[in-house]
Amino acid sequence: MKIVILGLSITSSWGNGHATTYRALVRALAARGHDVLFLERNAYWYEHNRDLPSPPYCRTIIYQDVDDLAAHLDEIRSADLVIVGSYVPEGIAIGDIVLREARGVTAFYDIDTPVTLARLEGGVEYLSKTQIPAYDLYLSFTGGPILDTLKKRYGARAPRPLYCSVDADHYTPDPSQTPAYDIGYLGTYSDDRQPVLERLMLAAARKWPDGRFVVAGPQYPKGIEWPANVERVQHLAPDLHRRFYNSLRYTLNVTRRDMVAAGYSPSVRLFEAAACATPIISDTWPGLDEVFVAGQEILLSMGPEQTLTYLKEIPDADRIAIGSAARARVLHEHTSAHRAAELEGYVRELTGTPAVRAVTEVLERTAS
């Protein structure tokens, strides 16, 4: 296929998880023979922090504003698939252009579905309620019941899960690397995640002064009182994530509040760590058990004492076995190659023979 993606960013991972997601997906699509053009809105904070200015697996064009897209309408018209992503500046206006001009399949890719739906009634700049039923596909980072909400409440024609994934070629264990920390967390600061980070990790650090802890990520306020045994690392570019995870005995996963409420929202960090066979200690949310088996592939914590029990009492052999089991699960179900194949399948549903479309519609009606 010829694919055009208008996403938040693929050139800069600064302060966003979208770039990592797009890079893995687009690289996998290219490996499967598709031609991808990524149109990215120029933004000051990305312009000055581009860690991948020219991705080698797609054409990338930086545009200045909505009017600047006029130069690329022929690309949009001739594409087999046009995807508009969440959080794209002036995304509603861009969506209107795509829905008006595209001749192929149109899709909205919501990397922030619970956040989108929580704020939709009050308005978000990247999607309007009237656009949801206009897109041929509504691709969602979140699965489960929220897909029914999209269909029944907002009229989405074909809501489909397209979870984040991991590039299995880039995220692997490194047996030569000796863990330098007992546990580490990688993530951009957010108000709703910070109390969970405090409860599950920072409080544990205060209770265990001899433990080695690390938090990596940008935008943390200066007023945070970090325990003395917690090392801080500012923004960590994606090409350093593998080394980071391999430097940890365990990693912590913390989920945004809206994602916890909706459930079925695995993060890209979850899959990256698992692909490196780094055992994960996580908060819990509905649907997590469909991604990893608790106690075998992931460990769940409710507070600092439980976190410390894992860090101090689990034998190394059991710790390594948990990480290996999680890696096997990810390689079997959650690589970028899996997501590219799923996306192809969704497009095939819409562009297949009338018989295929009829069967799909019957199955959807039966399921609902």
Side-chain angles (χ1 to χ4, degrees), residues 3-10 16-26 29 38-41 81-99 102 105-165 188 190 192 255-271 285-287 291 334 336 339-340 342-343 345-347 349-350:
I3 302 171
V4 174
I5 301 175
L6 298 101
L8 178 63
S9 181
I10 196 171
N16 77 90
H18 291 228
T20 305
T21 294
Y22 283 125
R23 290 172 188 178
L25 178 62
V26 171
L29 288 168
F38 196 98
L39 295 171
E40 177 178 331
R41 171 72 169 267
L81 170 64
V82 183
I83 300 173
V84 179
S86 56
Y87 271 86
V88 171
E90 296 185 273
I92 292 177
I94 289 170
D96 285 342
I97 292 172
V98 167
L99 292 170
V105 173
T106 59
F108 183 78
Y109 191 11
D110 203 338
I111 295 177
D112 309 275
T113 314
V115 176
T116 299
L117 296 193
R119 301 175 183 175
L120 194 58
E121 297 301 328
V124 291
E125 72 162 357
Y126 55 85
L127 182 70
S128 69
K129 287 190 290 185
T130 58
Q131 288 176 334
I132 293 177
Y135 282 106
D136 297 314
L137 275 170
Y138 195 111
L139 304 169
S140 172
F141 237 43
T142 301
I146 209 166
L147 299 176
D148 290 333
T149 300
L150 284 165
K151 188 176 185 67
K152 296 175 182 177
R153 182 173 179 179
Y154 294 103
R157 284 193 269 171
R160 299 289 185 268
L162 194 68
Y163 293 130
C164 58
S165 63
T188 300
S190 70
D192 56 341
T255 312
R256 297 287 302 270
R257 184 184 300 117
D258 288 331
M259 274 60 172
V260 171
Y264 301 87
S265 300
S267 72
V268 66
R269 303 288 177 254
L270 202 63
F271 294 145
W285 32 268
V291 182
H334 299 296
S336 52
R339 297 297 177 262
E342 289 168 1
L343 179 57
Y346 297 150
V347 174
E349 287 179 19
L350 300 176

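Position 1 is the first residue of the sequence; numbering continues from there. Please read these numbers as outputs of a predicted model, since none were measured by experiment.
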With heavy-atom distances below 4.5 Å as the criterion, would you say the side chains of Leu137 and Leu162 are in contact? no

Are Cys164 and Phe141 close enough that some pair of their side-chain heavy atoms sits under 4.5 Å apart? yes

For the residue pair Glu125 and Pro89, what are the closest heavy atoms and their distance? OE2-CA, 3.6 Å

Stepwise side-chain contact (heavy atoms from CB on, under 4.5 Å) check, Ile132 with Tyr138: CA-CA 7 Å; Ile132 293 177; Tyr138 195 111; 4.0 Å; yes

If you define the side chain from C-beta out and look only at heavy atoms, does anything of Gln131 sit under 4.5 Å from Asp96? yes

salt_bridge(Glu349, Arg157) N-O dist < 4.0 Å: no

Candidate pair Ser9 and His18, rule side-chain contact (heavy atoms from CB on, under 4.5 Å), full reasoning: CA-CA 6 Å; Ser9 181; His18 291 228; 5.8 Å; no

Would you say that Leu147 contacts Arg160 through its side chain, given a criterion of any heavy-atom pair below 4.5 Å between the two side chains? no

Is the backbone N or O of Pro161 less than 3.5 Å from a side-chain atom of Tyr346, with the two atoms forming a donor-acceptor pair by type? yes

pair Ile83-Leu343: side-chain heavy atoms closer than 4.5 Å: yes

Counting N and O atoms only, with roles assigned by atom type, does the side chain of Ser267 sit under 3.5 Å from a partner on the main chain of Leu270, one being a donor and the other an acceptor? yes

Going by heavy atoms in the side chains, are Asp110 and Asp112 under 4.5 Å from each other? yes

Do Tyr264 and Pro145 have side chains that approach each other closer than 4.5 Å (heavy atoms only, starting at C-beta)? yes

Fit a plane to each ring of His334 and Phe271, take the angle between them on a 0 to 90° scale, and name the class: parallel (under 30°), tilted (30 to 60°) or perpendicular (over 60°). parallel

From CA spacing to verdict: side-chain contact (heavy atoms from CB on, under 4.5 Å), Tyr154, Leu117: CA-CA 10 Å; Tyr154 294 103; Leu117 296 193; 4.0 Å; yes

Is the shortest heavy-atom distance from the side chain of Met259 to the side chain of Val115 under 4.5 Å? yes

Intermediate values then yes/no, side-chain contact (heavy atoms from CB on, under 4.5 Å), Leu127 and Tyr135: CA-CA 11 Å; Leu127 182 70; Tyr135 282 106; 4.1 Å; yes

Side chains of Thr106 and Asp136: do they bring a donor and an acceptor to under 3.5 Å? yes

Aromatic plane relationship, Phe108 with Tyr126 - under 30° parallel, 30 to 60° tilted, over 60° perpendicular: parallel

